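Okay, so here's the structure we're looking at.
Below, read A as the first sequence line, B as the second, and so on, with proteins coming before strands; counting in each chain starts at 1. Since we're looking at a predicted model, the values are computed, not measured.
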2 protein chains.
Amino acid sequence: MPPKGEAKRQRIIDTANALFYERGYGRTSLADIAQACGIPKGNFYFHFKTKDDILAAVVAGRVARLRDRLAAWEREIARPVDRLVRLSEMIVRDGADIVRHGCPTGSLATELGKEGNANLARPLFREMLDWSEAQFAALAGADAAPDLARRMLVRLQGASVLAHAFRDPAWLAEEQAAVAAWLRGL
Amino acid sequence: MPPKGEAKRQRIIDTANALFYERGYGRTSLADIAQACGIPKGNFYFHFKTKDDILAAVVAGRVARLRDRLAAWEREIARPVDRLVRLSEMIVRDGADIVRHGCPTGSLATELGKEGNANLARPLFREMLDWSEAQFAALAGADAAPDLARRMLVRLQGASVLAHAFRDPAWLAEEQAAVAAWLRGL
DNA sequence: GTCTATAGACAGATAGAC
DNA sequence: GTCTATCTGTCTATAGAC
């Protein structure tokens, strides 16, 4: 059975995760998280030493969830091409959030990159990239796979940036359709 | 003849422009700008009402410079396809900065989008988009032009995000080469 | 005296850390 | 809840040009 403080710790992480996404890391204060959690801010430092520690926990949680989702697709979807199409569809399904707040991974990487912490968001891209590469390897051979995986991620990220900047989900729908057509033509 | 304070005002804008790009808008304080300019903080509010006003002036300056550059390419480069290739080459020429700080326009749009100010960075994308669309119209017809311009901008933005996140200019060089090949095949 | 510009101290709010 | 640092923005004093 989990330690007693574990639930509260998880609630802090979940709340911070949502706020970091919506407002950005730098613009989210510990007081904001405390208020949204309904806990006194003094209790933070029982669970986390610094704000950066909370960020690290948030990113670790995101990586774990992404990994689970990708593994599920690998179990549930038979053909590699369909798995990749499914990945591309994420930007449409999450379109409303992306229009409002950008891609969770991309916007975090962009913000952290301006400080010294670019490396923190990188595992999320890594995870997506490695998984895509495995699918492309089954689809078009191991030689072409790295390049294809990068090209796909570039397009999904670019569409997210512009959909966010213009507050227009059409960027996402159009690019997803183009990516899916490209995948099916490989 | 220009007012006396014009030169200093311009120096503030130029300094702010560089710092906003390097550190981000939110993480750049007026004290930072003041120190980099060598002027006292109190003097800011003679030239600008708020920090947002400085940002507006910075963006206006960037728009003007971008417009000049695009107009120059239109004068100096004969074929529309070569103009578009020239635009794509920007991410390679500015590659060192993009790897360190991201795309100036994209990272600003991503940051401001998290607050309410997404519209502030939009004119920069608009400018690029309209100009590209005009080139594509001459290249592939007015019907296809809007979509082609968007697809190109998506790829340049995506490559910038990932080059920044991974601190690796290869993302830029590879995507630029792919975009140029695509342009020449249209 | 008045306009433009400079200069720096100061206030109020809020940040992270403990 | 307290501490210290720092943020944006304001206030007043001042210097020279005309």
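You'll find that the side chain of A:Leu30 is closest to C:dA17, out of D:dG9, C:dA17, C:dT6. Closest to the side chain of B:Pro40, out of C:dA7, D:dG9, C:dG16, is C:dA7. Of the candidates C:dG16, C:dT4, D:dT8, C:dT4 carries the atom nearest the B:Phe46 side chain, counting heavy atoms from C-beta on.
Summarising the geometry, the separation between CD1 on B:Ile54 and P on D:dC7 is reported as 14 Å, rounded to the nearest angstrom. Taking atom CZ on B:Phe48 and atom C1' on D:dG9, their separation rounds to 15 Å, with Å as the unit. Atom CD1 in B:Ile39 sits roughly 11 Å away from atom C1' in C:dA5 (whole-Å rounding). Note: NZ (A:Lys51) to P (C:dC18) measures 15 Å, nearest angstrom. Atoms CD1 (B:Ile33) and C1' (D:dC7) sit 12 Å apart, rounded to a whole Å. Atoms OH (B:Tyr45) and C1' (C:dA7) sit 15 Å apart, rounded to a whole Å. Straight-line distance from the CG atom of A:Asp53 to the P atom of C:dA17: 9 Å, rounded to whole Å. Atom CG in B:Asp32 sits roughly 6 Å away from atom P in D:dC7 (whole-Å rounding).
The phosphate of C:dT14 (OP1 or OP2) has no side-chain N or O of A:Ser29 nearer than 4.0 angstrom. Regarding contacts with the backbone of C:dT6, a side-chain N or O of B:His47 is found under 4.0 angstrom from either OP1 or OP2.
Between the base of D:dT10 and the side chain of B:Lys49 there is no donor-acceptor pair shorter than 3.5 Å.
Without hydrogens or angle criteria, B:Lys41 side chain to B:Leu30 main chain gives no donor-acceptor distance under 3.5 Å.
Under a cutoff of 6.0 Å and an axis angle of 45°, A:Arg155 and A:Trp182 form a cation-pi pair.
Sequence order on DNA chain C of the closest nucleotides to A:Asn43 and A:Ala31 puts A:Ala31 first from the 5' end.
Ring planes of B:His101 and B:Tyr21: perpendicular class, angle over 60° (limits at 30 and 60°).
Counting heavy atoms from C-beta on, the side chains of A:Leu70 and A:Arg67 never come closer than 4.5 Å.
Looking at B:Tyr25 and B:Asp52, their side chains do bring a donor and an acceptor atom within 3.5 Å of each other.
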